[in-house]
Amino acid sequence: MKSSVLTRYRVMAYVTAVMLLILCACMVAKYGFHTGEGLTFAVSQTHGVLYIIYLVFAFDLGSKARWPFGKLLWVLVSGTIPFAAFFVERRIHRETLPLVSGAQAVPAPAKTPVKTEA
């Protein structure tokens with residue numbers, strides 16, 4: 001798997017997560033203080049478009065990493081839960097990094113043969 005697949009996912013995960021937090025702040029301003037209705041609309045539309053791009057990149061990464069359906073679903077839904085995408089992205093990066101072509105594999109410790117006395 002190319003490293004660009006993982007990089008695209010990571011960038012969109014952070015962008016989507018930040019936009020979701022901004023959207024939450026706008027929603028508080030709109031419904032709590034009755035201000036910023038136009039800004040809330042613009043941010044919600046922007047987040048929606050970015051979330052669709054995030055879905056495409058996350059699905060691409062999941063299909064190349066051959067994730068089970070449940071894991072893929074959790075990654076896709078994490079873009080709708082405030083703060084979840086930050087944690088999910090970090091875990092996915094750590095798990096997927098060994099699959100990236102050119103990544104250095106960590107060698108396993110050498111086993112010492114067990115001598116048996118007969």
Side-chain angles (χ1 to χ4, degrees):
M1 177 170 55
K2 293 183 180 181
S3 65
S4 63
V5 176
L6 182 58
T7 302
R8 287 186 311 203
Y9 164 75
R10 291 185 74 197
V11 168
M12 286 312 299
Y14 280 119
V15 169
T16 303
V18 169
M19 284 303 296
L20 183 58
L21 293 178
I22 293 170
L23 178 59
C24 288
C26 288
M27 296 296 272
V28 168
K30 178 180 177 182
Y31 293 109
F33 301 105
H34 306 290
T35 183
E37 188 171 325
L39 179 63
T40 303
F41 178 76
V43 170
S44 66
Q45 296 300 308
T46 304
H47 172 68
V49 170
L50 292 172
Y51 180 68
I52 292 170
I53 297 169
Y54 167 79
L55 290 176
V56 170
F57 289 162
F59 185 80
D60 183 38
L61 177 65
S63 64
K64 290 181 178 165
R66 299 176 189 234
W67 292 339
F69 180 74
K71 183 175 184 175
L72 179 63
L73 186 63
W74 172 241
V75 171
L76 296 176
V77 169
S78 71
T80 63
I81 304 169
F83 296 108
F86 294 111
F87 298 106
V88 171
E89 183 279 328
R90 174 175 254 164
R91 183 174 179 187
I92 293 302
H93 177 257
R94 189 174 40 237
E95 291 176 1
T96 312
L97 194 57
L99 301 176
V100 173
S101 59
Q104 296 294 328
V106 178
K111 289 186 175 181
T112 57
V114 177
K115 294 182 182 180
T116 57
E117 294 182 32

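Everything numeric in this text was worked out from a predicted model, so none of it was measured.
- Salt bridge Glu95/Lys71: present, at least one basic N to carboxylate O contact under 4.0 Å.
- A distance of 11.0 Å separates CE of Met19 from SG of Cys24, quoted to the nearest 0.5 Å.
- No side-chain heavy atom of Thr40 sits under 4.5 Å from any side-chain heavy atom of Tyr31.
- A 4.5 Å side-chain heavy-atom check between Trp67 and Thr96 finds at least one atom pair inside the cut-off.
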- Message: Let's go through Phe87 and Ile81 carefully: what are the C-alpha distance in whole Å and the side-chain angles of both, what is the deciding distance for side-chain contact (heavy atoms from CB on, under 4.5 Å) to 0.1 Å, and is it a yes or a no?
- Response: CA-CA 11 Å; Phe87 298 106; Ile81 304 169; over 6 Å; no
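- Residues Phe57 and Leu6 fail the side-chain proximity criterion, which asks for heavy atoms closer than 4.5 Å.
- Following chains of ILVMFWY side-chain contacts shorter than 4.5 Å, one cannot reach Ile52 starting from Val43, and the two form parts of different hydrophobic clusters.
- Taken together through direct or relayed side-chain contacts under 4.5 Å among Ile, Leu, Val, Met, Phe, Trp and Tyr, Leu23 and Val28 form parts of separate hydrophobic clusters.
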- Message: One pair to check against side-chain contact (heavy atoms from CB on, under 4.5 Å): Leu21 and Phe86. What are the steps and the verdict?
- Response: CA-CA 11 Å; Leu21 293 178; Phe86 294 111; 3.7 Å; yes
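- Considering only heavy atoms from C-beta on, Lys64 stays 4.5 Å or farther from Leu99 through its side chain.
- Between Lys30 and Thr35, the closest side-chain pair of non-hydrogen atoms is not below 4.5 Å.
- When hydrophobic clusters are built by joining Ile, Leu, Val, Met, Phe, Trp and Tyr residues whose side-chain heavy atoms come closer than 4.5 Å, directly or via intermediates, Leu50 is grouped together with Val56.
- Between the Thr80 side chain and the Val77 main chain, a donor and an acceptor come within less than 3.5 Å of each other.
- Clustering of Ile, Leu, Val, Met, Phe, Trp and Tyr by side-chain heavy atoms under 4.5 Å joins Phe41 with none of the others.
- Atoms OG and CZ, on Ser78 and Arg91 in that order, are 11.5 Å from each other to the nearest 0.5 Å.
- The distance from atom CG of Leu39 to atom OG of Ser44, rounded to the nearest 0.5 Å, is 9.5 Å.
- Of the N and O atoms on the side chains of Thr46 and Tyr51, not one donor lies less than 3.5 Å from an acceptor on the other residue.
- Between atom CG of residue Leu61 and atom CG of residue Leu72 there is a gap of 9.0 Å, rounded to the nearest 0.5 Å.
- Judged by distance alone, the side chain of Ser3 and the main-chain N or O of Val100 form no donor-acceptor pair under 3.5 Å.
- Of the inter-residue distances, the one linking Tyr9 atom OH with Glu89 atom CD reads 6.0 Å to the nearest 0.5 angstrom.
- No donor-acceptor distance shorter than 3.5 angstrom exists from the side chain of Thr16 to the backbone of Ala13, with no hydrogens or angles considered.
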- Task: Check the pair Phe69, Leu73 against side-chain contact (heavy atoms from CB on, under 4.5 Å), reporting the backbone distance first and the verdict last.
- Result: CA-CA 6 Å; Phe69 180 74; Leu73 186 63; 4.2 Å; yes
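- With contacts defined as side-chain heavy-atom distances shorter than 4.5 Å, the pair Leu20/Phe83 does not qualify.
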